[in-house]
Amino acid sequence: MVSEYPDHHRPLPHRTAVLNSIEYDFSNGPVEGINRRIKSLKRSCFGFRNLDNFRKRIALIRS
């Protein structure tokens, strides 16, 4: 299959996202780090009898 665009002129499907990442200094890295820690806590605390204890541990992670 032959593309109608040469490799260096191919349109980017996420062009606005790429341009925004260059222009702005925002990152979702800290949020993803918290999500990763909550997921690992969820795996290690399987079988908590009380859901309130799990929520307290999540609050400790976020602080």
Side-chain angles (χ1 to χ4, degrees):
M1 178 174 172
V2 177
S3 175
E4 63 182 275
Y5 298 103
D7 285 338
H8 61 282
H9 289 296
R10 196 169 2 151
L12 295 173
H14 304 288
R15 181 181 173 90
T16 56
V18 171
L19 293 176
N20 286 339
S21 69
I22 293 170
E23 185 175 348
Y24 300 109
D25 291 334
F26 299 118
S27 172
N28 66 340
V31 174
E32 291 298 327
I34 291 172
N35 286 344
R36 183 190 58 80
R37 286 190 282 180
I38 290 173
K39 284 183 181 183
S40 66
L41 173 69
K42 183 178 167 182
R43 281 186 229 109
S44 68
C45 295
F46 183 74
F48 264 171
R49 291 182 183 196
N50 190 351
L51 186 61
D52 193 42
N53 290 339
F54 181 63
R55 289 184 180 138
K56 288 177 185 176
R57 292 282 301 267
I58 290 174
L60 286 174
I61 284 176
R62 294 178 55 207
S63 61

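Residues: numbered from 1 along the sequence shown. Hydrogens, waters and symmetry mates are skipped; everything else that's a heavy atom, side chains included, is used.
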Please report the interatomic distance SG(C45) to CD1(I58), rounded to the nearest 0.5 Å. 9.0 Å
Members besides Y24 in its Ile/Leu/Val/Met/Phe/Trp/Tyr cluster (side-chain heavy atoms under 4.5 Å): F26
Would you give the length of the straight line joining atom CD1 of I61 to atom CZ of R36, rounded to the nearest 0.5 angstrom? 9.5 Å
Write out all pairs satisfying salt bridge (Lys or Arg N to Asp or Glu O under 4.0 Å) with one or both partners inside residues 50-61, taking only residues at least two apart or from two chains. D52-K56
Under the side-chain contact (heavy atoms from CB on, under 4.5 Å) rule, collect the residues that match up with I34, sequence neighbours excluded. R37, I38, R62
